Every structure is written in structure tokens, then in C-alpha cells.
Amino acid sequence: MAVPNLAENLSELQLKIKACAEASGRNVSDIELIAVSKTRTLDEVKQIAELGQISFGENTIQDALTKIPHLGQHLNWHFIGHLQSKKAGKLPGYFQWIHSVDNLKLAQKLSTAMFSHSGNATLNCLIQVNVSGEKNKSGLKPNQVKTFLQEVVNLQLPCIQWRGLMTIGVLGDEQQTRSAFSQLRELQQQCKTELNLPMFDQLSMGMSGDYCLAIEEGATLIRVGTSIFGQRG
Ligand SMILES: *Cc1c(COP(=O)(O)O)cnc(C)c1O
């Protein structure tokens with residue numbers, strides 16, 4: 001297999017993101033690229049970081065810890081995988097964001113862990129939503145989101161900032177994916193206004209196969225791995 005040229009992949013991707021943003025009348029600076037570095041080596045991540053990429057995504061603690069402590073403090077790390085609440089204590093000090101909160105116990109444990117780790121740093125939390133209703137996906141059902149958000153907001157958990165919603169598209173189905181992304185945007189906007197949460201302004205959606213669609217539908221955080229690093233082995 002040919003060694004992928006990461007610098008070329010990244011700059012090509014950046015151009016495409018810019019083109020998608022312009023085509024949908026959006027400002028490219030409102031869209032943040034998260035380089036999904038799960039399963040990649042420290043060396044691969046270093047290469048991308050040296051090109052100026054700031055935000056990275058990982059989906060297991062174990063894999064992430066082979067990289068995060070060995071890279072610059074200026075990077076932003078996003079936890080994008082399923083997290084068991086008993087592992088919540090492993091995030092503080094490493095991750096600034098989590099995209100996959102979908103239960104109360106996890107939210108509470110994250111808050112406790114953040115508070116005992118630093119007392120003042122905040123963890124930016126997104127609620128994962130299973131918009132398409134596929135059985136193998138985690139996340140709340142769309143009709144559970146407002147109640148859940150109201151509940152956690154009322155708890156006033158220390159060190160937790162509720163920032164928005166995350167979803168995963170439907171593999172190979174553009175129409176269903178677009179519909180899921182547009183539903184997520186509507187839900188996020190309703191949450192922000194109805195619950196009066198000005199900081200609840202983020203929409204994490206779009207991966208290598210569907211980030212352009214996601215941008216058209218309002219994504220503010222896109223999570224892209226394969227287009228940067230090549231196929232995962
Ligand atoms: C792996 C992963 C991605 C990146 O997927 P690619 O197809 O490699 O771009 C994005 N989001 C989540 C939640 C993932 O697990």
C-alpha cells in the first residue's frame with residue numbers, strides 16, 4: 001500500500017471544506033475541522049499537528065493516551081466514542097471536549113472528575129443523538145433530548161459546559177443523512193432558544209463520506225479521519 005501523503009491530504013481537505021462552505025453561503029471560519037486520529041500512530045498525529053492542525057478526535061482512552069501526553073499543550077482533544085461512566089475519571093487533563101454524552105450518570109461522573117482534577121477547567125459537552133434510529137448506534141432519541149438537557153442544566157454540574165449536539169450520518173444513504181443532519185440542527189436551535197442557553201451553539205456532524213452535506217446543513221464541528229490519514233488498517 002502506498003504511504004499516504006498526509007500534508008497533501010490535509011490541504012486538499014481544507015480546500016474542499018472551503019469550497020463546501022462557500023457553496024452553502026457559510027463562513028469557513030465557523031467550521032472547525034477535528035482530525036480523527038483514532039488508531040493512528042503518534043508519528044502520524046505529530047505530522048498533522050506540525051502542519052498547524054489544532055483539534056483532534058479519539059474514541060478510546062487507551063489509544064488516546066499513547067498520543068496526548070506526547071504532544072503540545074496547545075492542541076484540543078475531542079472524545080468522540082462511547083464512554084462508560086466508570087471511565088469518566090480518565091478524561092480530565094487530557095480532553096477539553098466530549099461529543100458522546102447520552103446519560104445522566106456519565107454527565108455526573110464527568111463533572112465530579114473534572115472538579116476534583118482541577119476545580120475550574122470546563123469540559124465542553126455535546127449530547128449524542130441517534131437521529132436515524134439505527135439499533136447499533138448510541139445516543140438519545142431526538143424526543144428525549146430537551147428533557148435530558150433541562151435535567152442536566154437544572155443540576156448545575158460544576159465544570160460542565162453544555163455546548164450542543166452530535167450525530168452520526170447513515171452510511172451510504174445521502175438522503176437519510178441529510179435529513180438526520182437537518183433534524184439535528186433544528187433540535188439544537190430549539191434547545192438553545194427554548195432553554196435559553198447561548199453557549200449551546202455547536203453541531204458536530206459529518207465524517208469523511210458526508211462532511212460536505214453536514215456543512216450545508218449547518219455543522220460547526222466536522223470529524224474527519226480517513227480523508228486525512230487514509231483508510232484505517
Ligand atoms: C471514526 C469516526 C469518525 C471519522 O470517520 P472517517 O470516516 O474516518 O472520517 C468520525 N466520528 C466518529 C464518531 C468516529 O468514530
Side-chain angles (χ1 to χ4, degrees), residues 1-60 63-64 66-68 70-72 74-81 95-100 124 126 128 163-178 180-182 184-185 188 201-233:
M1 206 167 69
V3 178
N5 184 333
L6 301 191
E8 214 168 88
N9 290 353
L10 182 65
S11 63
E12 214 171 276
L13 175 64
Q14 286 163 338
L15 285 176
K16 285 186 183 158
I17 291 171
K18 191 160 176 279
C20 299
E22 277 164 10
S24 42
R26 298 191 54 202
N27 196 331
V28 73
S29 65
D30 293 335
I31 299 150
E32 185 175 341
L33 169 63
I34 300 170
V36 176
S37 50
K38 64 186 186 194
T39 78
R40 313 298 177 171
T41 63
L42 173 60
D43 187 60
E44 288 173 294
V45 180
K46 263 190 186 149
Q47 285 184 52
I48 294 294
E50 279 164 11
L51 295 164
Q53 176 65 28
I54 296 287
S55 295
F56 291 86
E58 290 282 340
N59 70 344
T60 70
D63 187 8
T66 66
K67 292 160 244 181
I68 302 177
H70 309 287
L71 291 154
H74 66 291
L75 302 180
N76 287 329
W77 291 90
H78 295 246
F79 192 87
I80 61 172
F95 288 90
Q96 292 77 39
W97 290 76
I98 177 168
H99 293 222
S100 51
N124 295 286
L126 304 177
Q128 185 169 351
R163 294 305 308 274
L165 302 177
M166 176 272 220
T167 201
I168 296 173
V170 183
L171 189 68
D173 192 322
E174 182 175 327
Q175 212 174 335
Q176 280 194 58
T177 297
R178 186 185 290 284
F181 289 169
S182 115
L184 195 76
R185 183 191 62 235
Q188 175 258 326
D201 57 358
Q202 300 293 313
L203 268 176
S204 167
M205 51 194 202
M207 317 192 345
S208 292
D210 54 21
Y211 63 83
C212 199
L213 256 178
I215 290 170
E216 289 171 23
E217 296 298 332
T220 60
L221 300 165
I222 57 173
R223 314 176 307 266
V224 181
T226 307
S227 299
I228 299 171
F229 296 100
Q231 290 294 336
R232 277 179 293 275

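Below, all heavy atoms of this structure are taken into account, side chains as well, without hydrogens, waters or symmetry copies. Remember, it's a predicted structure, so these values are computed and weren't measured experimentally. The residues of the chain are indexed from 1 along the displayed sequence.
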Between [X] and [Y], is there a donor-acceptor pair closer than 3.5 Å when you use the side chain of the first and the backbone of the second?
| X | Y | result |
| --- | --- | --- |
| Asn124 | Gln96 | yes |
| Arg40 | Val45 | no |
| Ser182 | Glu217 | no |
| Ser100 | Gly81 | yes |

Open item on the list: Quick one about Ser29 and Asn27 (side-chain donor to acceptor, distance below 3.5 Å, no hydrogens or angles considered), yes or no?
Closed with: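 Ser29 and Asn27 do have a side-chain donor-acceptor pair below 3.5 Å.
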Where is the tightest heavy-atom contact between [X] and [Y], given as atom of each residue plus distance?
| X | Y | result |
| --- | --- | --- |
| Leu184 | Ser204 | CD2-O, 4.3 Å |
| Ala64 | Phe95 | CB-CZ, 3.5 Å |
| Ile31 | Ala21 | CD1-CB, 3.8 Å |

Calculate, to the nearest 0.5 Å, the distance between atoms [atom1] and [atom2] belonging to [X] and [Y] respectively.
| X | Y | atom1 | atom2 | result |
| --- | --- | --- | --- | --- |
| Leu33 | Ile17 | CG | CD1 | 4.5 Å |
| Ile168 | Asp210 | CD1 | CG | 10.0 Å |
| Ser37 | Ile68 | OG | CD1 | 8.0 Å |
| Lys67 | Asp43 | NZ | CG | 11.5 Å |
| Thr226 | Arg232 | OG1 | CZ | 4.0 Å |
| Met205 | Ile215 | CE | CD1 | 9.5 Å |

Does some side-chain heavy atom of [Y] sit less than 4.5 Å from a side-chain heavy atom of [X]?
| X | Y | result |
| --- | --- | --- |
| Tyr211 | Lys16 | yes |
| Leu13 | Ile228 | yes |
| Phe229 | Ser208 | no |
| Leu75 | Phe56 | yes |
| Trp77 | Leu71 | yes |
| Leu6 | Glu44 | yes |
| His99 | Leu221 | yes |
| Gln53 | Leu10 | yes |

Task: Asp173: partners by salt bridge (charged side-chain N to carboxylate O under 4.0 Å, His left out), with sequence neighbours left out - done: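 In terms of salt bridge (charged side-chain N to carboxylate O under 4.0 Å, His left out), with neighbours along the sequence ignored, Asp173 is linked to no residue.
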TODO: Under the salt bridge (charged side-chain N to carboxylate O under 4.0 Å, His left out) rule, collect the residues that match up with Arg223, sequence neighbours excluded.
DONE: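 Checked Arg223 against salt bridge (charged side-chain N to carboxylate O under 4.0 Å, His left out); zero matches.
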Open item on the list: side chain to side chain contact (heavy atoms under 4.5 Å, CB included) for Glu22 and Val28? Distances and angles first, verdict last.
Closed with: CA-CA 7 Å; Glu22 277 164 10; Val28 73; over 6 Å; no
Task: Test: Glu216 and Arg178 ion pair at under 4.0 Å - done: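 Salt bridge flag = yes for Arg178 with Glu216.
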Open item on the list: Taking CD1 in Ile54 as the centre, count heavy atoms belonging to other residues, nucleotides or ligands within less than 6.0 Å. Is the count above 12?
Closed with: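 For Ile54, atom CD1 is crowded (more than 12 foreign heavy atoms under 6.0 Å).
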Task: From CA spacing to verdict: side chain to side chain contact (heavy atoms under 4.5 Å, CB included), Glu58, Thr39 - done: CA-CA 8 Å; Glu58 290 282 340; Thr39 78; over 6 Å; no
- [ ] Please lay out, stage by stage, how Thr66 and Thr41 fare under the test side chain to side chain contact (heavy atoms under 4.5 Å, CB included).
- [x] CA-CA 8 Å; Thr66 66; Thr41 63; over 6 Å; no
Task: Chi angles and distances behind the side chain to side chain contact (heavy atoms under 4.5 Å, CB included) call for Lys38, Thr60 - done: CA-CA 8 Å; Lys38 64 186 186 194; Thr60 70; over 6 Å; no
TODO: Would you check, one step at a time, whether the test salt bridge (Lys or Arg N to Asp or Glu O under 4.0 Å) holds for Lys46 with Glu50?
DONE: CA-CA 6 Å; Lys46 263 190 186 149; Glu50 279 164 11; over 6 Å; no
- [ ] Specify whether His78 and Trp97 have parallel, tilted or perpendicular ring planes, treating 30° as the upper limit for parallel and 60° as the lower limit for perpendicular.
- [x]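 Rings of His78 and Trp97: parallel, under 30°.
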